[in-house]
Amino acid sequence: MEQPVEVLPPPGPSAPLLVVDGANVVGSVPDGWWRDRRGAAERLRDALVPVAADGLPGLPGPLAVVLVVEGAARGVEGVPGVRVVSAPGSGDDRIVELVAAEAAAAPGRRLLVVTADRGLRARVTALGAEPLGPRTVRGGAGGAGDRGDASGPGSRGRTG
């Protein structure tokens with residue numbers, strides 16, 4: 001049974017929506033995430049709280065932040081500032097559904113998707129979203145201008 005796609009309320013009437021591919025971002029850093037996928041998703045969620053409030057370099061906050069999780073990370077709870085959506089199946093498909101619903105409900109709203117997955121980047125770009133690389137929210141070289149793919153072990157990692 002598919003979950004309905006709901007339009008997400010922004011923190012402000014024109015706040016950009018930042019959708020984070022949790023599996024891909026967690027998997028972009030080989031830090032042992034595979035030993036505790038749920039814990040890794042919770043750490044990412046917590047790291048996104050200041051992003052929601054303060055924004056990113058070149059993109060001031062507040063931002064509406066949605067973390068999409070799948071697999072073993074399903075069930076991670078949201079916290080103030082970060083909504084967590086558990087994908088019933090493919091996280092990528094759920095991200096595309098969310099972006100499509102937001103694009104239809106709020107034309108002109110800035111939509112950004114954090115992932116290094118080339119296929120997902122192409123799908124959300126076709127819907128009008130801007131893809132950003134994982135380092136955008138993980139820190140490190142590249143910052144908000146990181147529009148490239150992550151490299152190294154786990155760059156296409158999954159949380160489930």
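For the single chain, residues carry numbers from 1 onward in sequence order. Just so it is clear, the structure is predicted and the values come from calculations on it, not from any experiment.
Atoms CG and CD, from Leu17 and Glu102 in turn, are 5.5 Å apart once rounded to the nearest 0.5 Å. Atom CG of Asp117 sits about 8.5 Å away from atom CD1 of Ile95, to the nearest 0.5 Å. With values rounded to the nearest 0.5 angstrom, Asp36 atom CG is found 10.5 Å from Asp31 atom CG. Between the CG atom of Leu132 and the CG atom of Leu59 there is a distance of 8.0 Å, given to the nearest 0.5 Å. Of the inter-residue distances, the one linking Leu18 atom CG with Thr136 atom OG1 reads 8.5 Å to the nearest 0.5 angstrom. Taking CG of Leu127 as the start and CD of Glu97 as the end, the distance is 11.0 Å to the nearest 0.5 Å.
The backbone N or O of Val96 sits nowhere less than 3.5 Å from a side-chain atom of Arg123 that would complete a donor-acceptor pair. With hydrogens and angles disregarded, a donor-acceptor distance shorter than 3.5 Å links the side chain of Arg74 to the backbone of Pro88. Of the possible polar contacts, one joining the Ser86 side chain to the Gly75 backbone as a donor-acceptor pair under 3.5 Å is found. For Asp92 (side chain) and Leu120 (main-chain N/O), no donor-acceptor pair under 3.5 Å exists by modelled atom type. Although no hydrogens or angles enter the test, the distance criterion places a donor-acceptor pair under 3.5 Å between the side chain of Thr125 and the main chain of Arg121. Put simply, the side chain of Arg138 gets close to the backbone of Val25: a donor and an acceptor are under 3.5 Å apart.
Scanning both residues, Pro16 and Pro62, for their nearest heavy atoms gives CD-O, 4.0 Å. Here the shortest heavy-atom pairing between Leu63 and Val51 reads CD1-O, 3.8 Å. Minimum heavy-atom separation, Ala40 to Val26: CB-CG1, 3.6 Å. Across Val66 and Leu98, no two heavy atoms sit closer than the pair CG1-CD1, 4.2 Å. Taking each heavy atom of Gly78 and Val84 in turn, the nearest pair found is CA-CG2, 3.7 Å. Taking all atoms of both residues into account, the shortest heavy-atom contact from Ala41 to Val69 is CB-CG1, 4.1 Å.
Looking at Val68 and Val20, their side chains never come closer than 4.5 Å, going by heavy atoms from C-beta outward. Under the 4.5 Å side-chain criterion, counting only non-hydrogen atoms from C-beta, Asp21 is not in contact with Val114. Two residues are said to be in side-chain contact when any heavy atoms from C-beta on lie closer than 4.5 Å; Pro80 and Val49 fail this criterion.
Residue pairs meeting the salt bridge (charged side-chain N to carboxylate O under 4.0 Å, His left out) criterion with at least one partner in residues 41-50, sequence neighbours excluded, are Arg38-Glu42.
A salt bridge does not link Arg94 to Glu70: none of the charged nitrogens lies less than 4.0 Å from a carboxylate oxygen.
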